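Values reported hereafter were calculated over all heavy atoms of this structure, with side chains retained and with hydrogens, waters and symmetry mates removed. This is a predicted model, so every value here is computed, not measured.
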Amino acid sequence: MTQTHPFFSPATHGFVRVAAATPVVRIADPKANADEHIALIEQAATQGCDLVVFPELSLTGYAIDDLIMQDALLAEAERQVVRVAEVTAGLGLAVVFGAPLRLGEALYNTAVAAQGGVVLGVTPKTYLPNYREYYEKRWFAPGGDLEADLESFELAGEPVPFGADLLFDAADRPGFVFAVEICEDYWAPLPPSTRQALAGARILVNLSASNVLVGKSDNRAMLCSAQSARTMSAYVFSASGWGESTTDLAWDGQSTIHELGARLADNERFSMQSHLTVVDVDVAKLGAERRRTGTFGDCARRELEGLSYQSVLFEAGVRDQGPLIRPLDRFPFVPDDPARLDQDCYEAFNIQVQGLMRRLEATGLERVVIGVSGGLDSTQALLVACRAFDRLERPRSNILAYTMPGFATSDGTRANAWALMKALGVSAAEIDIRSSAETMLKEIGHPYSRGEAVHDITFENVQAGLRTDYLFRLANQNAALVVGTGDLSETALGWATYGVGDHMSHYNVNAGVAKTLIRHLIRWVAGREHSGETAQVLSAILATEISPELVPSTDGKIQSTESTVGPYALNDFFLFHITRFGMAPSKVAYLAYEAWRDAARGDWPAGTPDDEKVQYDLKTIKHWLRKFLVRFFQTSQFKRSAMPNGPKVVTGGSLSPRGDWRAPSDATAQVWLDELDANVPD
């Protein structure tokens, strides 16, 4: 396997490498500024960039006041526009930079797009600020409605597309379509980029001057985030920095890049050096999100009626870009940022609690029945039940908790189950299911009843089914509701006994919570609501290896869930990207490879256990992804089609047939397996 295989190129998987450029400014000196531009463009080319975005009026400087009306300066700026454009020949990247350009008797504040040695098109600024410190209408004419002038604009004797309705489209890179607005445009109630996105632009770029004030950087980032979220786009913002005139204003050179509302990259503000802010944006994901969200298409048809946008085609090519440059969560259901993780845990826990509270009120039932194994899922469900009863001002004694040891239940998990039930003050009891299981195995003629050590799926499911059967009958007997414990990850993998087994309950509070998040939820609840003995037993449960404990241990090794279905860290990664964005298996494998190949990376979510701080090579990722694809697409949907009610907790995290995921129970996984094998090297 070599890194030259197309699989290892970000471009293969729909990524476009963009750079927000922050050049040092020379006031009213287009040639010196062009030199800075060229140096940064060449630097961007060595980093494999596809698109470079400079600030507003970057060739002249923004804060030059009436100097902008001097013919000598304007003529030199036009010469340097051509020079900068010529530099792009052979580099394979597109650049967008700012320049004042004359058209007839008017002067426009413009963004020039160049690639392949020529100017592709020019976009004028639509909204000119003329308030407080701004005075642009003194010098510039507004753009935005110049259809009559399109054929009359020339640059260096060549006709050039001109207007705010230009979409720059890489014919050889599907989805690499960008459009331009300038500074004040995105402060408007309806920015030009809104309709540009509706017309097909997936990357929106903003050339800005934007003097800095206390708190203004947060406002800029907020607008970039909001616009990228609302338009389902990537938004690249670059503002003027060091070297601009500080006669009356100051400049911080802020660069920030957002995608679907999330910040991908930003720079060090107030730098005195020219620099690039580089990141890979996922235009394929943006296209999929727009297709998935019907509102986007409906809005496009409404807002673009009677309007037309020009596609300016260019050939982008593909270069050696090296590894992916992009924040990439190993645990997409668990934020890396501690503050965001705290917020997510707060919301997730309360969604679970409120869901159970509402179901109890709707049914009029005063009690719940829950099976407690001493494992992660039943622990989280019991914590949810306790909090729900506290908020409903009902006694915890109405929570009827049962631990049901079987043939392989360990002393440790049994002890943890009892300690947890006692510490939480619920009604606790134990039902040993072994005798009932032996009776059933004997009645069906299973080899185990004849003394043979046959621990097959029947042996396992007899135990799982009996436990759930007991819970339902106990619920009947006590006028109670059975609380389910199976989590989102198990639902995806079909890791549950169908029917009257752990697949079924009256209401499943964990249905929308991934396994990787459950661990953090327990730790979060323990840290805020429990101490002493309860906190100790929760810590013990968190340290216990995940196991169904249905098959007796051999040679001291317990039955390991992850040795059968694969690491939950990988499975949750696969689940998120396949269900949330519909990504092809090869892209999921690529992202997993980029996320997990470097265990030395330090951005682990707080509380991540050491046994999850591992790396996975591509062979391992492909092996477990194949198993996931078969389990998810082919063998487990019939269980999801009959799953009980439970609240959706995370974005894209519902597999309910009444929610995010609808699929036939008799599908095949072959198309996904073929795509994986065809595009991922061994």
Side-chain angles (χ1 to χ4, degrees), residues 229 232 260-262 285 288-289 292-295 329 331-335 340-363 368 370 376-378 380-385 387-388 391 481-496 502-522 524-525 568 571-583 632-633 636-663 665:
M232 299 182 184
L260 290 175
K285 181 174 76 174
E289 189 72 351
R292 180 175 283 102
T293 309
T295 302
D329 290 332
F331 302 93
F333 295 111
V334 184
R340 182 56 193 268
L341 177 58
D342 179 76
Q343 178 183 329
D344 282 12
C345 287
Y346 164 78
E347 292 179 340
F349 186 61
N350 280 283
I351 289 169
Q352 292 180 281
V353 169
Q354 190 176 79
L356 181 57
M357 290 169 60
R358 181 70 188 100
R359 181 52 55 94
L360 287 170
E361 286 203 334
T363 60
V368 297
I370 183 171
L376 293 174
D377 294 343
S378 64
Q380 176 62 15
L382 186 56
L383 292 172
V384 169
R387 183 63 175 143
R391 291 192 63 186
L481 177 149
V482 177
V483 175
T485 61
D487 62 47
L488 178 69
S489 308
E490 293 180 343
T491 302
L493 295 165
W495 191 245
D502 52 346
H503 160 261
M504 192 49 63
S505 64
H506 288 130
Y507 191 77
N508 185 1
V509 296
N510 287 340
V513 185
K515 183 77 78 177
T516 49
L517 180 56
I518 290 258
R519 187 187 299 275
H520 293 273
L521 277 172
I522 293 172
W524 184 87
V525 176
Y568 276 112
N571 283 322
D572 282 357
F573 189 95
F574 303 154
L575 173 65
F576 178 83
H577 291 285
I578 287 173
T579 59
R580 175 67 180 86
F581 298 109
M583 291 182 180
F632 183 76
F633 286 106
S636 301
Q637 180 59 37
F638 75 100
K639 297 181 182 180
R640 294 190 289 269
S641 295
M643 65 186 289
N645 293 170
K648 180 179 177 180
V649 175
V650 294
T651 301
S654 172
L655 294 177
S656 167
R658 303 166 295 277
D660 285 4
W661 186 256
R662 295 165 178 82
S665 296

Asks: Arg662: which residues meet the side-chain hydrogen bond (donor to acceptor under 3.5 Å, both in side chains) condition with it, sequence neighbours left out?
Replies: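 Listed in chain order: nothing, the list is empty.
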Asks: For Ser505, check side-chain hydrogen bond (donor to acceptor under 3.5 Å, both in side chains) against everything at least two apart and list the hits.
Replies: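 side-chain hydrogen bond (donor to acceptor under 3.5 Å, both in side chains) list for Ser505, sorted by chain: empty.
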Asks: Measuring from Arg391:CZ to Asn350:CG, what's the distance to the nearest 0.5 Å?
Replies: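 Between Arg391 CZ and Asn350 CG, I get 6.0 Å after rounding to 0.5 Å.
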Asks: Please report the interatomic distance CG(Asn645) to CZ(Arg658), rounded to the nearest 0.5 Å.
Replies: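 With rounding to 0.5 Å, CG (Asn645) is 5.0 Å from CZ (Arg658).
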Asks: Measure across Val368 and Val483 and return the closest heavy-atom pair with its distance rounded to 0.1 Å.
Replies: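 For Val368 versus Val483, the nearest heavy atoms are CB-CG2, 3.7 Å.
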Asks: Is the shortest side-chain heavy-atom distance between Pro644 and Met504 below 4.5 Å?
Replies: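 Of all side-chain heavy-atom pairs linking Met504 with Pro644, at least one is under 4.5 Å.
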Asks: Testing the basics here: between Pro657 and Ser641, what is the closest heavy-atom pair and its distance to 0.1 Å?
Replies: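 Residues Pro657 and Ser641, closest heavy atoms: CG-O, 3.7 Å.
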Asks: Pair Leu488, Lys515 - check side-chain contact (heavy atoms from CB on, under 4.5 Å), show working.
Replies: CA-CA 7 Å; Leu488 178 69; Lys515 183 77 78 177; over 6 Å; no
Asks: Any idea which heavy atoms bring Cys345 and Leu521 closest together, and the distance?
Replies: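 Shortest heavy-atom separation between Cys345 and Leu521 comes out as O-CD2, 3.4 Å.
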Asks: Inspect the surroundings of CZ in Phe638 and state if more than 12 heavy atoms from other residues, nucleotides or ligands are less than 6.0 Å away.
Replies: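 Yes, CZ of Phe638 has more than 12 neighbouring heavy atoms, counting only those of other groups under 6.0 Å.
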Asks: Check whether His503 reaches the backbone of Lys639 with its side chain - one donor and one acceptor, N or O, closer than 3.5 Å.
Replies: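 Checked: pair present.
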Asks: Which pair of heavy atoms, one from Leu356 and one from Ala385, lies closest together, and at what distance?
Replies: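 Scanning both residues completely, I find the closest heavy atoms to be CD2-CA, 3.7 Å.
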Asks: In Å, rounded to the nearest 0.5 Å, how long is the span from NZ of Lys285 to CE of Met583?
Replies: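 Reported to 0.5 Å precision, the distance equals 5.5 Å.
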Asks: For the residue pair Asn571 and Ser489, confirm or rule out a side-chain donor-acceptor distance under 3.5 Å.
Replies: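 There is no such pair (donor and acceptor under 3.5 Å, judged by atom type) between the side chains of Asn571 and Ser489.
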Asks: Could you check Ile351 against Val513 for side-chain contact (heavy atoms from CB on, under 4.5 Å), going step by step and ending with a plain yes or no?
Replies: CA-CA 10 Å; Ile351 289 169; Val513 185; over 6 Å; no
Asks: So, Asp487 side chain and Asp377 main chain: donor-acceptor pair closer than 3.5 Å or not?
Replies: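 Checking the backbone N and O of Asp377 against the side chain of Asp487, no donor-acceptor pair under 3.5 Å is found.
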Asks: Just by distance, do the side chain of Thr293 and the backbone of Thr295 share a donor-acceptor pair under 3.5 Å?
Replies: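 Here the side-chain-to-backbone pair does not exist.
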Asks: Verify side-chain contact (heavy atoms from CB on, under 4.5 Å) between Leu493 and Tyr568, making sure each step is shown before the conclusion.
Replies: CA-CA 10 Å; Leu493 295 165; Tyr568 276 112; 3.8 Å; yes
Asks: What pair of heavy atoms forms the shortest contact from Tyr507 to Pro647, and how long is it?
Replies: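 What the structure gives for the nearest pair is OH-CD, 3.2 Å.
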Asks: By the definition side-chain hydrogen bond (donor to acceptor under 3.5 Å, both in side chains), identify the one residue from Gln380, Gln352, Glu490 that meets it with Asn510.
Replies: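 Option passing the side-chain hydrogen bond (donor to acceptor under 3.5 Å, both in side chains) with Asn510: Gln352.
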Asks: Would you say Phe331 and Asp572 make side-chain contact, with heavy atoms under 4.5 Å?
Replies: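 SC-SC contact between Phe331 and Asp572 ruled out.
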Asks: Just how far is it from atom OG1 of Thr491 to atom CE of Met643, taken to the nearest 0.5 Å?
Replies: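 Answer rounded to 0.5 Å: 4.5 Å.
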Asks: What closest approach, in Å, do Phe349 and Leu383 show between heavy atoms, and which atom pair accounts for it?
Replies: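 Taking Phe349 first and Leu383 second, the nearest heavy atoms are CZ-O, 3.8 Å.
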Asks: Can you check side-chain contact (heavy atoms from CB on, under 4.5 Å) on Leu575 and Phe333, steps first, answer last?
Replies: CA-CA 10 Å; Leu575 173 65; Phe333 295 111; 4.3 Å; yes
Asks: CG of Leu517 to CG of Asp344: how many Å apart, nearest 0.5 Å?
Replies: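 Going from the CG atom of Leu517 to the CG atom of Asp344 covers 7.5 Å.
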Asks: Is it true that a side-chain atom of Arg640 and a backbone atom of Ala492 form a donor plus acceptor pair closer than 3.5 Å?
Replies: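 Yes; at least one donor-acceptor contact below 3.5 Å.
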Asks: Ring-plane angle category for Trp661 and Phe632, please: parallel below 30°, perpendicular beyond 60°, tilted otherwise.
Replies: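 It falls in the tilted class, 30° to 60°.
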Asks: To the nearest 0.5 Å, what is the distance between CG (Asp660) and NZ (Lys648)?
Replies: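 Those atoms lie 3.5 Å apart.
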